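Here the structure is laid out as structure tokens; the discussion comes afterwards.
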Amino acid sequence: MSSRDSGGAASPPSRGHCGLRVLWDERLAGYDFGPGHPMNPVRVELTIALAREFGLLDRANVTVAGFDAADDALLGLVHEEPYIAAVKHAGATGLPELRLGLGSADNPVFLGMHDASALIAGASVAGARAVWTGEAEHAANVSGGLHHALAGAASGFCIYNDPAIAIAWLLENGAERVAYVDIDVHHGDGVQAAFYDDPRVMTISLHETPRTLFPGTGFPNETGGPNAPGSAVNVALPPGTGDAAWLRAFEAVVPPLLRAFAPQVLVTQHGADAHALDPLAHLILSVDGQRTAYARLHELAHEVSGGRWLATGGGGYELVQVVPRAWTHLLAEAAGRPIDPLAATPDGWRGLVRLRTEEIAPRRMTDGTSEVHVQTWESGYDPANPVDQAVLATRRAVFPEHGLDPMTDI
Ligand SMILES: [Zn+2]
Ligand SMILES: [Zn+2]
């Protein structure tokens, strides 16, 4: 299980047919901060409903499996015991514990909060286990990706940090190198913090610059602790960054670092809030740009980590127009059967959207940008361009730690 070579005899073989384990049951929609909160679980309900309408969950290579809530020992791989106790207390009494971020406007206390949060963590761990043992090549938990939760505090709508707990589980079970790529519009600060000084985990986050967006961290000079130089990677993009520039930044940073690090497992966080319509942030991606990024991460999982890939959801606050389509594309991609972007959204799903939200559903799976043309770093860079400046700052900060040339390597 701990072979250094991802293709070695002790590692599960890549089977090449994209077996996908989907971690889902209705209870995951119980992670609900209540009316008026931006992170409404209708977004995951509508995602699963759309995926079902496309028949994705009925495919022979897709299994929808049960899972248990994470117990205290699992949660304790990342979270401090007094914090877990406080979440349980708040979830049982409804009383805030503001010192630990519980009961703020971002993280209102709700009854059953511990159980709902531990269930999401358990789903991500079940995904990690399926991928690590070879039961499934890929796994996806669209209700997960709660990347802001800290060891001892709730933050940014996140109670327990399911991606960090899943990664910690992998390390406990013999993984020696795990890469985490976070494409949420916000910095993946909680996951970065959990492994900041751990050379076994590389965290890469592409996000809107902390100068204009929560949580105020994720600058390129955050590169890892003294025992793990270059293990934290941050691409801080200017407001207004769209598909082509975002994908150019992705290509200039993510593939070369993943190839250099050679992870045994790839864990990805797919917050859909970099979309232009998202109400909480200022990047302007389309569903087509997002879909392109998912396809690249899928390709990279096969290239660098023997196909072992755990994908999670994350942020995303345009509940109807964006999140369900973005993550249905993600599930389809992970199942090895991408959906034609020109496909119409099924009538049944549009009816459900009307019923559940009184909104008019999007009619197609595209935003109209079927092919995103990306100019790669190879073709040169423009020192006056703010996206290129951001990319170069990141490359300068971490590439030398991995034996890569910040100016030329791709
Ligand atoms: Zn695959
Ligand atoms: Zn976010």
Side-chain angles (χ1 to χ4, degrees), residues 6 12-22 33 37-40 43 56 59-63 106-107 127 130-131 134 136-140 142-149 155-158 161-163 181-192 205-210 212-218 234 236-237 239 246 265-266 268-283 285 290 294-319 322-323 326-327 329-338:
S6 62
S14 171
R15 292 180 308 217
H17 63 268
C18 299
L20 171 66
R21 174 72 49 89
V22 175
F33 292 108
H37 192 281
M39 198 153 91
N40 188 317
R43 67 197 191 120
L56 280 176
R59 289 190 178 283
N61 63 325
V62 177
T63 51
D106 273 6
N107 319 304
V131 165
E137 196 168 27
H138 311 322
V142 293
S143 71
L146 304 176
H147 61 165
H148 295 306
S155 176
F157 317 160
C158 304
N161 196 317
D162 63 283
V181 179
D182 184 321
I183 63 171
D184 191 284
V185 79
H186 301 93
H187 177 222
D189 57 340
V191 183
Q192 174 177 293
S205 179
L206 289 92
H207 44 261
E208 179 177 335
T209 174
T212 49
L213 195 66
F214 178 91
T217 56
N234 288 290
L237 296 162
W246 191 99
V265 186
L266 179 64
T268 55
Q269 197 272 17
H270 296 262
D273 41 11
H275 193 279
L277 294 179
D278 195 90
L280 299 194
H282 322 96
L283 300 195
L285 271 65
Q290 295 176 311
Y294 306 163
R296 284 296 285 133
L297 287 166
H298 183 194
E299 242 175 347
L300 285 162
H302 283 282
E303 184 190 332
V304 304
S305 63
R308 286 180 290 279
W309 177 30
L310 167 63
T312 71
Y317 309 100
E318 182 26 88
L319 309 171
V322 174
V323 177
W327 292 348
H329 277 304
L330 172 64
L331 292 171
E333 177 62 45
R337 295 297 292 268

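Every number for a ligand or one of its atoms is a count from 1 in the order of the listing. As the structure is a prediction and not an experimental result, all values here were calculated from the model.
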| message | Going by the rule salt bridge (charged side-chain N to carboxylate O under 4.0 Å, His left out), which residues pair with Arg21 if we only count those two or more places apart in sequence or in a different chain? | response | Glu135
| request: Kindly give the atom name of the N, O or S atom of Asp273 closest to the Zn ion (ligand 2). | output: OD2
| query | So, His207 and Asp182: side-chain donor and acceptor under 3.5 Å apart, yes or no? | reply | no
| query | Mind checking what makes ring pair (Phe, Tyr, Trp, His ring centres under 6.0 Å) contact with Phe33, not counting sequence neighbours? | reply | Tyr31, His37, Phe110
| said: So, of the N/O/S atoms that Asp184 has, which is the nearest one to the Zn ion (ligand 2)? | reply: OD1
| message | Is a donor from one side chain sitting under 3.5 angstrom from an acceptor on the other, for His329 and Gln290? | response | no
| task | Kindly report the NE2-the Zn ion (ligand 1)-NE2 angle for His298 and His302 respectively, rounded to 10°. | result | 100°
| message | For a distance under 2.8 Å, tell me if His186 has an N/O/S atom near the Zn ion (ligand 2). | response | yes
